[in-house]
Amino acid sequence: MIGHGWRQHVRLLVACGLLVGCQSAAPVRHTHVQQPPPSPVASVASPKHMAPPRHVVLKKLPPVTEPTAEVMPVAFRQSEPTRPSTSANDSNSPISPPQPLADAANPDRNGELPRPMVPGESSLDPPEVISRSSAVDLQDVIVSVNQSYPLLVSALLERQVAGGKQVSAWGEFDLNIKAFGIAMPEGFYQNYRNAISVEQPVFRNGGYLYGGYKIGDGNFQPWFKERETDEGGEFSVGAGVPLLKGRAIDKRRAAIYQADLARRAVEPAVRSQMLEFVRVASQVYWSWVAAGQSLEAQRDLLRIAEARIQQLQDRVDAGDLQRIVRINNEQLIASRETKVIEAERKLQEAAIKLSLFFRNERGEPIILDNSRLPQAFPDYTTVGPRQVEADIEYAISASPDLAELNLIARQVQVDLQNAENMLLPKLDAQLLASKDVGAPTSDKKDKTPFELEAGLYGEVPLQRREARGKITTARGKLAQISAKQQFVVDKVRASVQDAASALQAAAGRIERAQANLNLARETRDLGRLQFEAGDITLIELNIYEQSVTDAQLLLIAAQADFFSALASYRAAMAIDPLEGFQPNP
């Protein structure tokens, strides 16, 4: 009896080995598992991304798609500019399967529409490669941010985190293998039981498929006769399916939908952070350019005083000027040297701040020297009221914050759908078929015939407070999200309006500062003639010279403010940072 029982163990182990071997050879995604229906989280094309300028060798970030709220259940719906829908996955089904993780890096760009042009953009093709001896322009900084900025790299790694959670959620539908072996070699009833089974949860209807094999040999208690099988054992297959509660959605599928939406929400979140990083980097870059221009203006002023040292000394020696005039000029030189030192420090400070964004291929900060400064600010154009209104509508439709909120709202919709399904009573149908093989174990042959078993199982909590509480929570969250969406719309509108106002004000300041500079230069030139003629003193001439430098600094500040406002304008409109650069003058 004992030896015969252990033969059953050996047979079971062989069956386990064959099953595990088949399982390991099978693909990860089992073809017999039904896939979920298409998603209502429709993907809408983000603002068109122009090809990055070709004078830089770069690794551009994957374009990001912002899902749109085609069927939003909340009070707010994100407005859209007139553009065709690019979604190929629209469906009446309320849920969708997770897409492969590589989808975010290879979106379908067909059907994208161009966005409005903004000031400072150019369609000119820049040189093919960047020369490391040339001036660093804004494009170089933005490319560096996209490639190496640590905080952006950290944000991009959130894709991996979300992808891992998505894979983990699918673990609820893994194929499960169960087995046991029980031996009772001593006692009045001596028997041996071995069994192995596999169960595959089904995604679409929330049911499961079952298959198993068991063998029971020996003497069994009369009340446990179902444990006994024919000599060859018993094979069985079965299926279960929910008819009401858990059919359309359940906790496992809700977790998958949540993970899929969370992965999609990473893209607008990354895009939002990237736009902010580029905005700050752009403003730091223009501060660096302004510091370089200011230093050059202070050096020009110092060179003027140094250039007339010998001229004044000759006139003092000739008795044309008093000795105090030469001393006054030396005072001016010392004073102007102090301002040059201050300007150099400001430039160094700006370069150090810029190094946080401008990095080499290994991600190490680079402190740029003065030779990498551009010669001047680019030309500028401002925006009119009509363009501002059109840009506001575009900015609202392209806002990554709104896209992220839309996806969060869809996550809450999944919670609401699952909670509403929980109100239904549980009613499951099950079907089990089994057949013993081999020599009969008894003269009755009661184990030999094919057996078919079907049943219905019901269950329902009378109060169903858990479901009602979750419904109340989900509806409250949707109302909260609707309020946040409205605030984001107002915030985007205010950001565009504020940046446009700053652009217009800076453009007006540039015009007046340029006129002031021209007049100051004219006054200085006349003052030099009067000084040479002896009509004014060196102190008065210094006032005229200083006024030119002051006018230059005002112009530089206005230009820096304009391009800083332009960076804010582009960020508010959610424009691809690598799109539409203006070449160096």
Side-chain angles (χ1 to χ4, degrees), residues 1-26 30 32-33 171-202 205-243 245-246 250 252 425-460:
M1 181 69 68
I2 296 177
H4 184 69
W6 286 114
R7 285 198 299 272
Q8 309 305 328
H9 284 291
V10 172
R11 274 193 273 176
L12 178 65
L13 292 176
V14 171
C16 289
L18 292 175
L19 182 60
V20 172
C22 294
Q23 172 66 14
S24 61
H30 303 284
H32 65 276
V33 179
E172 290 291 333
F173 289 88
D174 287 347
L175 181 67
N176 295 319
I177 302 176
K178 299 178 182 179
F180 70 84
I182 300 174
M184 186 181 292
E186 298 294 338
F188 184 81
Y189 297 100
Q190 299 177 8
N191 53 67
Y192 303 88
R193 293 184 291 131
N194 302 282
I196 184 171
S197 64
V198 293
E199 183 176 322
Q200 175 63 66
V202 179
N205 296 320
Y208 66 90
L209 300 175
Y210 166 86
Y213 171 81
K214 70 177 182 179
I215 184 168
D217 190 27
N219 296 323
F220 290 87
Q221 299 88 333
W223 51 90
F224 282 146
K225 277 296 185 179
E226 73 278 1
R227 296 178 177 178
E228 186 178 20
T229 67
D230 286 347
E231 289 294 331
E234 177 188 276
F235 291 91
S236 60
V237 294
V241 58
L243 302 178
K245 180 180 178 180
D250 56 21
R252 297 176 302 175
K426 181 178 181 181
L427 183 63
D428 295 351
Q430 293 182 359
L431 185 67
L432 179 65
S434 60
K435 179 70 172 69
D436 284 51
V437 297
T441 58
S442 68
D443 296 336
K444 295 181 181 180
K445 299 183 180 181
D446 56 340
K447 298 290 183 179
T448 304
F450 173 78
E451 296 179 354
L452 181 64
E453 179 181 314
L456 290 175
Y457 301 88
E459 176 185 333
V460 59

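Counting from 1, the numbers follow the sequence of the chain as shown. The basis for the numbers below is simple: all heavy atoms, side chains too, and nothing from hydrogens, waters or symmetry mates.
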Self-check item: Partners meeting ring pair (Phe, Tyr, Trp, His ring centres under 6.0 Å) with Tyr189 (sequence neighbours left out)
Solution: none
[X]: which residues meet the side-chain contact (heavy atoms from CB on, under 4.5 Å) condition with it, sequence neighbours left out?
{"X": "Asp428", "result": "Pro242, Lys426"}
{"X": "Arg252", "result": "Glu172, Phe173, Pro201, Asp250"}
{"X": "Val460", "result": "Pro425, Arg464"}
{"X": "Phe188", "result": "none"}

Self-check item: Gln221 and Asn191: CA distance, side-chain angles, deciding distance, side-chain contact (heavy atoms from CB on, under 4.5 Å) verdict
Solution: CA-CA 10 Å; Gln221 299 88 333; Asn191 53 67; 4.2 Å; yes
Distance-only criterion, 3.5 Å: show the donor-acceptor pairs between side-chain atoms of residues 446-457 and protein atoms not counting sequence neighbours.
residue, atom, partner, partner atom, Å
Asp446, OD1, Ser442, OG, 3.3
Lys447, NZ, Lys225, O, 2.8
Lys447, NZ, Glu228, O, 3.2
Thr448, OG1, Asp230, OD2, 3.0
Glu451, OE1, Ser434, OG, 3.4

Which atom of [X] lies closest to which atom of [Y], heavy atoms considered:
{"X": "Asp436", "Y": "Glu234", "result": "OD1-OE1, 3.0 Å"}
{"X": "Tyr210", "Y": "Ser197", "result": "CE1-CB, 3.6 Å"}
{"X": "Lys214", "Y": "Ala195", "result": "CB-CB, 3.6 Å"}

Self-check item: side chain to side chain donor-acceptor pair (under 3.5 Å) involving Ser236 - partner list, sequence neighbours excluded
Solution: none
Quiz item: In chain order, what residues pass the salt bridge (charged side-chain N to carboxylate O under 4.0 Å, His left out) check against Lys435, with sequence neighbours excluded?
Solution: none
Quiz prompt | Spatial distance of atom CZ (Phe220) from atom CD (Glu226) [nearest 0.5 Å] | solution = 9.5 Å
